[in-house]
Amino acid sequence: MELGIVGTGSMGSMLTRTWCASETVPRVHVCNRTLEKAERLAALYPCHVHVHESVAELARVADWIFLCVKPQDARDLLPIVGQTISSHGLVITTNSAIGLAELEASLPCAAVKLIPSVTQEVRTGALLIMTGKRVTDEQEASLFSLLSSLGQPVRIPEEQLRVYSDMSSCGPAFLADWLLMFAAAAARRGVPEDVARHLLEHMVQGVGKLSASGYTLSDIVQRVAVPGGVTSEGLRILHEHQGDTFDALLAATERRQREHQQSAPHR
Ligand SMILES: NC(=O)c1ccc[n+]([C@@H]2O[C@H](COP(=O)([O-])OP(=O)(O)OC[C@H]3O[C@@H](n4cnc5c(N)ncnc54)[C@H](OP(=O)(O)O)[C@@H]3O)[C@@H](O)[C@H]2O)c1
């Protein structure tokens, strides 16, 4: 099966680099609006990456096409892909704004929505998957197998995409920014800010490894927080000041997504 990636920006290049570096697939066909960007990527993996000058050209050779472009660009590309891809093909889009029903209505083949995360750079983290009505069991099994080389594929309901995506895809930014606020507070208490950031980076690496070794998040809290101790006092403050932060965050991202959809319903 030949894989094609349209858009070699952040997501498309990450998928291509990870598959090529891990030798998961023998070949990846790529194309990008700014051709030099695709060529720079191909220069890293000359044996694996084949650059195409247009989406139509790529669609003639790829059985599965990953559309890693912004929603307005994806909508413009759907008719081009739809004209060429076979009815047995698969179009996988990484953007959340286009619905599966709209995708399958514009294409002769099955469609999937895939929300990756920056954590797939290190072949870990969840990949959120929503499958269209035409996706066969065989296609789904092959897709899960392909994506397992990048992290943990997780099937989710399309109507809850926003909240799932906030956790797994936006989550790395939320967590990192929260730690930067922690470092800034430590700096206000005299710790050099670069030292504070460095220490927190090591701390979060350790938490990741504990989690990978089987610790749940609750286990980690319990392991560190002795009742009546200083960590427990810190946790009390966190709950007091930040208890509803994530409710507000989830409401805000949902609102922003709705605004995007309303301001450009067909682009
Ligand atoms: N970044 C993330 O962490 C993340 C996570 C999950 C989902 N997503 C979603 O994935 C989608 C892509 O995100 P991204 O961060 O990878 O965006 P990006 O870095 O802006 O990459 C988009 C790429 O698409 C190319 N492109 C645009 N129109 C094209 C066309 N007609 N033909 C060929 N290539 C075209 C652009 O080319 P140029 O070089 O000419 O600009 C650019 O390289 C978005 O919908 C985003 O919301 C992103």
Side-chain angles (χ1 to χ4, degrees), residues 3-19 28-44 49-62 65-85 91-100 102-103 106 111-130 147 150-154 156 158 160-177 253-254 256-261 263-264 266-267:
L3 296 184
I5 302 224
V6 176
T8 55
S10 174
M11 286 298 103
S13 68
M14 190 260 297
L15 293 174
T16 309
R17 278 184 281 107
T18 316
W19 277 323
V28 183
H29 299 272
V30 302
C31 77
N32 193 66
R33 183 172 52 197
T34 309
L35 193 63
E36 299 77 51
K37 206 150 120 188
E39 285 169 342
R40 278 199 300 274
L41 183 61
L44 297 174
V49 179
H50 294 238
V51 178
H52 295 265
E53 291 195 359
S54 70
V55 177
E57 186 186 303
L58 177 141
R60 277 195 283 277
V61 291
I65 298 181
F66 288 77
L67 276 184
C68 304
V69 299
K70 300 271 159 62
Q72 62 273 24
D73 297 318
R75 285 199 169 96
D76 293 342
L77 290 174
L78 283 175
I80 302 171
V81 172
Q83 262 173 16
T84 319
I85 195 160
V91 169
I92 301 118
T93 177
T94 60
N95 74 64
S96 49
I98 307 182
L100 283 168
E102 181 186 347
L103 279 171
S106 323
V112 167
K113 277 166 73 164
L114 162 71
I115 308 300
S117 153
V118 71
T119 55
Q120 270 92 62
E121 287 280 1
V122 286
R123 299 176 67 194
T124 188
L127 297 117
L128 307 179
I129 314 226
M130 292 137 278
L147 296 176
L150 301 173
Q152 182 67 52
V154 178
I156 64 160
E158 188 179 20
Q160 286 188 305
L161 164 62
R162 188 63 268 139
V163 60
Y164 279 90
S165 188
D166 280 353
M167 289 187 282
S168 85
S169 189
C170 309
F174 296 147
L175 180 61
D177 198 59
T253 57
E254 200 178 297
R256 175 55 59 90
Q257 175 146 318
R258 237 186 346 263
E259 284 163 9
H260 281 167
Q261 282 162 347
S263 65
H266 298 297
R267 289 206 47 87

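Nothing fancy with the numbering, it's 1 onward along the sequence. Indexing begins at 1, ligand by ligand and atom by atom, following the structure's order. Just so we're clear, the structure is a prediction, and the values are computed from it rather than from any experiment.
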Fill in: Ion pair Arg258/Glu254, N-O distance below 4.0 Å
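Yes, charged N to carboxylate O under 4.0 Å.
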
Worksheet item: Thinking salt bridges, do Glu259 and Arg256 make one under a 4.0 Å N-O criterion?
Response: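 Yes, Glu259 and Arg256 are salt-bridged.
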
Worksheet item: Is it true that the side chains of His29 and His52 contain a donor and an acceptor less than 3.5 Å apart?
Response: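 Present: a donor and an acceptor within the cut-off.
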
Contacts table for ligand 1: protein N or O within a distance under 3.5 Å of ligand N or O, distances only.
from, atom 1, to, atom 2, distance (Å)
ligand 1, 10 (O), Thr94, O, 3.3
ligand 1, 10 (O), Thr94, OG1, 2.9
ligand 1, 16 (O), Ser10, N, 3.3
ligand 1, 16 (O), Met11, N, 2.8
ligand 1, 19 (O), Ser10, N, 2.9
ligand 1, 20 (O), Lys70, NZ, 3.0
ligand 1, 34 (N), Arg33, N, 2.9
ligand 1, 37 (O), Asn32, OD1, 3.2
ligand 1, 37 (O), Asn32, ND2, 3.2
ligand 1, 39 (O), Asn32, ND2, 2.9
ligand 1, 39 (O), Thr34, OG1, 3.3
ligand 1, 39 (O), Lys37, NZ, 2.8
ligand 1, 40 (O), Arg33, NE, 3.0
ligand 1, 40 (O), Thr34, N, 3.2
ligand 1, 40 (O), Thr34, OG1, 2.5
ligand 1, 41 (O), Arg33, NH2, 3.0
ligand 1, 43 (O), Gly9, N, 3.3
ligand 1, 43 (O), Asn32, OD1, 2.8
ligand 1, 43 (O), Lys37, NZ, 2.8
ligand 1, 45 (O), Val69, O, 3.4

Discussion item. If we ignore hydrogens and angles and just use 3.5 Å, is the side chain of Asn32 paired with the main-chain N or O of Ala38 as donor and acceptor?
Written reply: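 Side chain of Asn32 to backbone of Ala38, a donor-acceptor pair under 3.5 Å: no, none is there.
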
Worksheet item: Is there a side-chain contact between Leu15 and Ile5 (heavy atoms, below 4.5 Å)?
Response: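 Answer yes - side chains close enough.
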
Show me, pair by pair, the donor-acceptor contacts under 3.5 angstrom made by side chains of residues 111-125, not counting sequence neighbours?
from, atom 1, to, atom 2, distance (Å)
Lys113, NZ, Ser96, O, 3.0
Lys113, NZ, Ile98, O, 2.9
Lys113, NZ, Glu158, OE2, 3.0
Ser117, OG, Thr119, N, 3.0
Ser117, OG, Thr119, OG1, 2.8
Ser117, OG, Ser168, O, 3.3
Thr119, OG1, Thr124, O, 3.0
Gln120, OE1, Ser117, N, 2.6
Gln120, NE2, Thr124, O, 3.0
Gln120, NE2, Gly125, O, 3.3
Gln120, NE2, Ala126, O, 3.2
Glu121, OE1, Arg17, NH1, 2.8
Glu121, OE2, Arg17, NH2, 3.1
Arg123, NE, Ser149, O, 2.9
Arg123, NH2, Ser149, O, 3.4

